[in-house]
Protein chains: 2
Amino acid sequence: MKSVTIPPASVARLPLYLYALETLQSEGMGTISSEILANRVNVNAAKVRKDLSFLGTHGVRGVGYDSAVLGQEIREALGLTRDFGVVIVGIGNLGAALASYDSFGAARFHIVGLYDTNPEKIGTRIGDLEVRHLRHLAADVAEHDVEIGIITTPTAVAQEVAQQLEDCGIRSILNFAQTVLHTENAAVRRVDLSTELQILGYYLRSDRG
Amino acid sequence: MKSVTIPPASVARLPLYLYALETLQSEGMGTISSEILANRVNVNAAKVRKDLSFLGTHGVRGVGYDSAVLGQEIREALGLTRDFGVVIVGIGNLGAALASYDSFGAARFHIVGLYDTNPEKIGTRIGDLEVRHLRHLAADVAEHDVEIGIITTPTAVAQEVAQQLEDCGIRSILNFAQTVLHTENAAVRRVDLSTELQILGYYLRSDRG
DNA sequence: TTCGATTTGTGAAGTCAGTCACAATCCCGC
DNA sequence: GCGGGATTGTGACTGACTTCACAAATCGAA
Ligand SMILES: NC(=O)c1ccc[n+]([C@@H]2O[C@H](COP(=O)([O-])OP(=O)(O)OC[C@H]3O[C@@H](n4cnc5c(N)ncnc54)[C@H](O)[C@@H]3O)[C@@H](O)[C@H]2O)c1
Ligand SMILES: NC(=O)c1ccc[n+]([C@@H]2O[C@H](COP(=O)([O-])OP(=O)(O)OC[C@H]3O[C@@H](n4cnc5c(N)ncnc54)[C@H](O)[C@@H]3O)[C@@H](O)[C@H]2O)c1
C-alpha cells in the first residue's frame with residue numbers, strides 16, 4: 001500500500017473526482033482528460049493533474065486517464081476498498097433522515113447502530129435497525145467493527161457524546177451539532193447548516209457593496 | 001457600512017466565533033480574550049485576533065473584547081442584521097428534516113417555501129408550511145423576498161433545480177446533493193455527507209500506515 | 001516513419017493562509 | 001500618576017495551496 005501522504009486540500013477533492021468519474025463512466029467515457037474532469041468539478045485542470053499525481057497515477061500523455069483505472073486508484077487512496085461500520089447518535093429529525101438514507105457513496109459505509117436516550121425513541125425502528133439506548137454503545141461498538149460515529153444530538157450534549165464515542169475507540173466523528181468538538185485523537189469533520197447559511201449571508205451582503 | 005473584503009478563510013470562521021461568543025455571553029462573560037475564544041473554536045489565538053481585525057473591531061489591550069459589542073460586529077459583518085427568506089426544494093427525508101428545524105442560527109433565516117414535484121408530497125404540511133409544486137417557485141420568489149435556496153432533491157435533478165433557482169433571481173444556494181453545481185452568478189455552498197465520510201475514510205486508512 | 005495535434009507531469013512562480021513575536025496600550029492598585 | 005501584569009494589533013516570516021507554462025510523451029494519419 002503506497003502510502004504517500006496527500007495534502008488535505010487534495011484529499012477533500014478526491015471524492016468529487018470520484019463521483020464525476022463514475023458519472024462520466026456511466027455515460028460511456030472510457031478515457032477522460034484532466035480538462036473534462038476539471039470542468040465537472042469546477043476547478044483548474046492543472047490542479048486536477050497535480051491532485052492525481054499524488055496518487056502515483058499514470059495517465060497517458062496525449063490521451064488522458066482510463067476512467068476505470070483512475071476510479072480504482074482514487075478508491076484505494078481513500079481506503080474505499082473495504083467497508084466501514086457507522087453509528088448514529090441522536091435519532092431526531094436529522095438523525096432519522098440520515099438513518100433512512102441507504103446509499104452512502106456506493107455502499108462502503110454501513111449504518112450498524114442507532115442510539116438515543118429518549119425513552120420514546122428507544123425501540124422504534126428505521127429500516128431494519130432498532131434505536132437502542134446510548135448505554136449499549138460501548139458494548140455494541142466492541143462487538144461489531146464500528147469506526148465512524150455521526151453525532152446528531154442537540155448541541156448541548158454533543159461534546160459529551162463525542163467523549164463517549166472516543167472512549168469506545170471510535171476515531172472518526174462526523175458532527176452535525178453547532179459546536180466545535182474537542183477530541184484527543186479522533187478526527188472530526190463538522191457539517192453545520194447554520195454556519196453555511198451565515199457564510200452565504202456574508203456573500204449576499206457584499207453583493208450590494 | 002465599512003465593507004472591507006474579508007478573506008474567505010476568515011469568513012468561514014466568523015460563525016464559529018459568533019456561536020462561541022453567544023455561549024460565553026450566556027455564561028456571564030462580559031469580556032473575552034482572544035485566547036479563550038481560540039480555545040473554544042480550536043484555533044490559534046493570533047488567528048482569532050487577525051480575523052477579528054478584518055472587522056475593524058477594537059478590542060481593548062490588556063482586557064479583551066466586549067462580548068456584546070464583538071457579537072454585534074460579527075453579525076454586521078455577516079449581514080445578520082436583517083432577515084433572509086429561504087426556500088427548500090425536494091421535500092424528501094432530508095428536506096423534511098431541514099424544514100422542521102426551526103432555529104436556524106438565531107432566527108435570521110426564515111423558511112418561507114417548500115417545493116417538490118411528486119404529487120404525493122404536494123399539499124402535505126410541515127409546521128405551518130404547505131409543500132407546493134415547483135412550478136409555483138418563480139411566482140412565490142417574486143412575491144416574497146427570497147434570497148437563499150436549499151436543494152435536497154435527488155442528485156440527478158439538482159443542476160436543473162439550481163438553474164431554476166437562478167432564473168428566479170436567487171443568488172445563494174446551499175446544495176445537499178452529491179454533485180458540483182454550475183451556476184452563472186449564484187454563490188453555492190455544498191454540504192455532502194458521502195463526501196465527508198469518504199474524507200474520514202482516508203484518515204482512518206492512514207492511521208494504520 | 002515522420003508530423004502535428006493532444007494531453008500529461010511537474011518545476012517555478014505566485015497567491016493566500018497561518019504563526020510568531022513583540023511593541024503599543026490599557027487597567028488597576030497604590 | 002506610576003508600575004506591573006495582561007492582552008491586543010500587526011509586521012514579518014513560514015508554509016500550504018494554486019496556477020502557469022512548457023518539455024516530454026503518445027497517438028493517428030499520411
Ligand atoms: N434538523 C436540522 O435541519 C438541523 C440543521 C442544522 C443543524 N442541526 C443540528 O443537528 C442536531 C440535531 O438536530 P435535530 O433537528 O435532529 O434535533 P432533534 O431534537 O430532532 O433530535 C435530537 C435527538 O437527540 C436525542 N438526544 C438528546 N440527548 C441525547 C444524548 N445525550 N444521547 C443521545 N441522544 C440524545 C434526542 O432524544 C433527539 O431524538 C442539533 O444539534 C442541531 O443543531 C439540525
Ligand atoms: N438523506 C440523507 O441522509 C442524505 C445524505 C447525504 C446526501 N443526501 C442527498 O440529499 C438529497 C436528498 O436526499 P433524500 O434522502 O432526502 O432523498 P429523497 O428521495 O427522500 O427526497 C428527494 C425529494 O425530491 C423530490 N424531487 C424529485 N425531483 C424533483 C424535482 N425535479 N424538483 C423538486 N423536487 C424533486 C422527490 O419527490 C423527493 O421528495 C439527495 O441528493 C441525496 O444524495 C441525502
Side-chain angles (χ1 to χ4, degrees), chain A residues 2 4-17 20-21 24 29-71 73-74 77 180 190 199 202-203 206, chain B residues 2 4-17 20-21 24 29-74 77 180 199 202-203 206:
Chain A
K2 49 180 175 303
V4 198
T5 54
I6 304 174
S10 295
V11 171
R13 282 187 296 269
L14 292 180
L16 307 187
Y17 298 146
L21 259 180
L24 287 163
M29 309 201 80
T31 67
I32 295 178
S33 71
S34 59
E35 185 71 30
I36 290 178
L37 208 44
N39 285 340
R40 293 293 178 117
V41 179
N42 253 2
V43 299
N44 183 296
K47 186 149 62 177
V48 172
R49 294 198 294 277
K50 188 146 280 190
D51 284 342
L52 297 184
S53 77
F54 293 120
L55 309 184
T57 67
H58 288 285
V60 181
R61 296 175 184 213
V63 178
Y65 300 87
D66 180 298
S67 61
V69 171
L70 181 55
E73 279 173 325
I74 295 179
V180 176
R190 188 170 171 278
I199 295 171
Y202 174 82
Y203 292 105
S206 49
Chain B
K2 47 179 177 306
V4 198
T5 54
I6 304 174
S10 294
V11 171
R13 283 188 293 270
L14 292 180
L16 306 188
Y17 298 147
L21 259 179
L24 288 163
M29 309 203 80
T31 66
I32 294 177
S33 70
S34 59
E35 185 72 31
I36 290 177
L37 209 42
N39 286 339
R40 292 293 178 119
V41 180
N42 254 2
V43 300
N44 182 296
K47 186 150 61 178
V48 171
R49 294 198 295 277
K50 186 149 280 189
D51 286 340
L52 297 183
S53 76
F54 293 121
L55 309 182
T57 68
H58 287 286
V60 181
R61 295 176 185 213
V63 179
Y65 301 87
D66 180 298
S67 60
V69 170
L70 181 56
Q72 193 52 31
E73 280 173 325
I74 295 178
V180 175
I199 295 170
Y202 174 81
Y203 292 105
S206 49

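Atoms considered below: every heavy atom in the structure, side chains included; atoms not considered: hydrogens, waters and symmetry mates. Residue numbers begin at 1 in each chain, while the letters A, B, ... track the order of the sequences.
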Just to verify, what does A:N44 make a side-chain contact (heavy atoms from CB on, under 4.5 Å) with, not counting sequence neighbours? A:A46, A:K47
Separation of D:dT8 P from B:L55 CG (nearest whole Å): 14 Å
To the nearest Å, how far apart are A:L70 CG and C:dT8 C1'? 13 Å
Which residues share a side-chain contact (heavy atoms from CB on, under 4.5 Å) with B:V60, sequence neighbours left out: B:V63
Under 4.0 Å: is that the gap between some side-chain N or O of B:Y65 and OP1 or OP2 of D:dA6? no
Can you list everything that forms a side-chain contact (heavy atoms from CB on, under 4.5 Å) with B:A20? Sequence neighbours excluded, please. B:L37, B:R40, B:V41
Using side-chain hydrogen bond (donor to acceptor under 3.5 Å, both in side chains) as the criterion, list what pairs up with B:N42, not counting sequence neighbours. A:H182
Specify the residues of residues 6-17 of chain B, ordered by number, for which at least one heavy atom lies under 4.0 angstrom from an atom of DNA chain C. B:P7, B:P8, B:A9, B:R13
Using a cut-off of less than 4.0 Å, is there contact between a side-chain N or O of A:H58 and OP1 or OP2 of C:dG9? yes
Atom pairs under 3.5 Å: protein N/O with N/O of nucleotides 28-30 of chain C:
none

Among A:I32, A:V43, A:L55, find the residue that satisfies the side-chain contact (heavy atoms from CB on, under 4.5 Å) test when tested with A:Y17. A:V43
Got a sec, which residues hit salt bridge (Lys or Arg N to Asp or Glu O under 4.0 Å) with A:R190, two or more places apart in sequence or on another chain? A:D192
Can you give me the closest heavy-atom contact between A:I199 and B:P15, atom names plus distance? CG1-CG, 4.1 Å
What string of B, S and - do you get for nucleotides 20-30 of chain D 5' to 3' if you count protein non-hydrogen atoms under 4.0 Å? BB--BBBS---
Residue pairs passing the salt bridge (charged side-chain N to carboxylate O under 4.0 Å, His left out) test with at least one member in residues 61-71 of chain B, sequence neighbours excluded, are none
Can you see if the side chain of B:S34 gets near the phosphate of D:dT8 - specifically, an N or O under 4.0 Å from OP1 or OP2? yes
What is the distance, to the nearest angstrom, from the CG atom on A:D51 to the C1' atom on C:dG9? 13 Å
I'd like to check the side-chain contact (heavy atoms from CB on, under 4.5 Å) partners of B:S10; sequence neighbours left out, ordered by chain and number. B:I6, B:P7, B:R13, B:D51, B:F54
What heavy-atom pair brings A:S34 and A:A45 nearest, and what distance separates the two atoms? CB-O, 3.9 Å
B:Y202 and A:L14, any side-chain heavy atoms less than 4.5 Å apart: no
